[in-house]
Chemist: 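What follows is a single structure, and I will ask about it in a moment.
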Amino acid sequence: MEFRGLFLPSLLLFSCLTATCYGMVTFSSLHRTLVVTASPTPGQVLKAGEDQITVTWSFNQTFQAGTDSTYKTVELKLCYPPISQVDRAWRKTVDDLKKDKTCQFKIVAKPYSSSDNSCTWTVERDIPSATYFVRAYAYNSDNVEVAYGQTTDSQKATNLFEVQAITGRHVSLDIASVCFSAFSILSLFGFFFMEKRKTRASQQK
Ligand SMILES: *[C@@H]1O[C@H](CO)[C@@H](O)[C@H](O)[C@H]1NC(C)=O
């Protein structure tokens with residue numbers, strides 16, 4: 001009786017110590033079991049808000065069948081290679097995935113399937129100008145990373161592409177045209193009232 005009363009609390013404590021409370025997942029602990037390819041050619045420059053990326057991913061069959069039995073979802077992300085991280089602490093790679101800033105832009109999340117996965121994504125307008133690669137994380141049913149795959153090598157130096165953000169010139173042109181049209185409407189009203197006053201004044205004479 002005494003024993004059974006202790007069983008549940010100690011089980012909870014144990015699972016708390018091993019998984020839930022101390023849930024640090026390191027990138028270096030993950031196996032690269034996913035094969036990921038993306039449509040941009042090395043060095044290609046994509047325009048944010050316009051150009052598209054097609055990503056395909058699958059389970060690398062050289063790993064033992066069943067390795068992926070715990071995979072539940074896959075999330076594709078746009079990530080910064082070292083060349084984009086120089087002097088930018090806010091993009092820093094940290095082995096603890098909760099603190100890692102390598103992959104900040106989600107492309108898509110999908111239920112896991114071992115083959116024939118493909119997704120086409122228009123580079124969003126808020127993606128900053130930089131060099132990128134694509135990484136896929138596999139998550140288990142607890143939403144914890146269990147594997148990955150990426151379009152570049154382990155040094156994150158090959159097969160990179162660039163995104164060119166909407167330039168400052170475009171933005172200021174947008175603002176200029178908005179201001180201009182607001183000014184035109186104002187002046188239209190202005191002329192309208194001036195004209196009215198003039199006609200009223202001439203009628204009163
Ligand atoms: C699959 O994994 C093996 C072992 O890690 C690796 O040598 C091979 O290059 C991978 N295949 C692909 C297509 O990435």
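For ligands, and for the atoms within them, numbers begin at 1 and follow the listed sequence. All values below were derived from every heavy atom in this structure, side-chain atoms included, with hydrogens, water molecules and symmetry-related copies excluded.
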Chemist: Atom 10 (C) of ligand 1: which protein heavy atom is closest, and how many Å away?
Modeler: N60 ND2, 2.5 Å
Chemist: State whether any protein heavy atom lies less than 4.0 Å from atom 7 (O) of ligand 1.
Modeler: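 It does not: no protein heavy atom is found less than 4.0 Å away from atom 7 (O) of ligand 1.
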Chemist: In terms of side-chain heavy atoms, does Q52 have a donor or acceptor partner in T122 at a distance below 3.5 Å?
Modeler: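 Their side chains do contain a donor-acceptor pair, which is all the 3.5 Å distance test asks for.
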Chemist: For atom 3 (C) of ligand 1, what is the nearest protein heavy atom, given as residue, atom name and distance?
Modeler: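 In this structure, atom 3 (C) of ligand 1 has T62 OG1, 3.4 Å as its nearest protein heavy atom.
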Chemist: Going by atom types alone, do T152 and N159 pair a side-chain donor with an acceptor below 3.5 Å?
Modeler: no
Chemist: Under 3.5 Å, sequence neighbours excluded: what are the donor-acceptor pairs made by side chains of residues 34-46?
Modeler:
unit_1, atom_1, unit_2, atom_2, d
T37, OG1, T56, OG1, 2.4
S39, OG, T54, N, 2.8
T41, OG1, Q44, OE1, 3.3
Q44, OE1, T41, N, 3.0

Chemist: For residues 106-114, which side-chain donor-acceptor pairs fall under 3.5 Å, sequence neighbours excluded?
Modeler:
unit_1, atom_1, unit_2, atom_2, d
Y112, OH, D68, OD2, 2.7
S113, OG, S115, O, 3.2

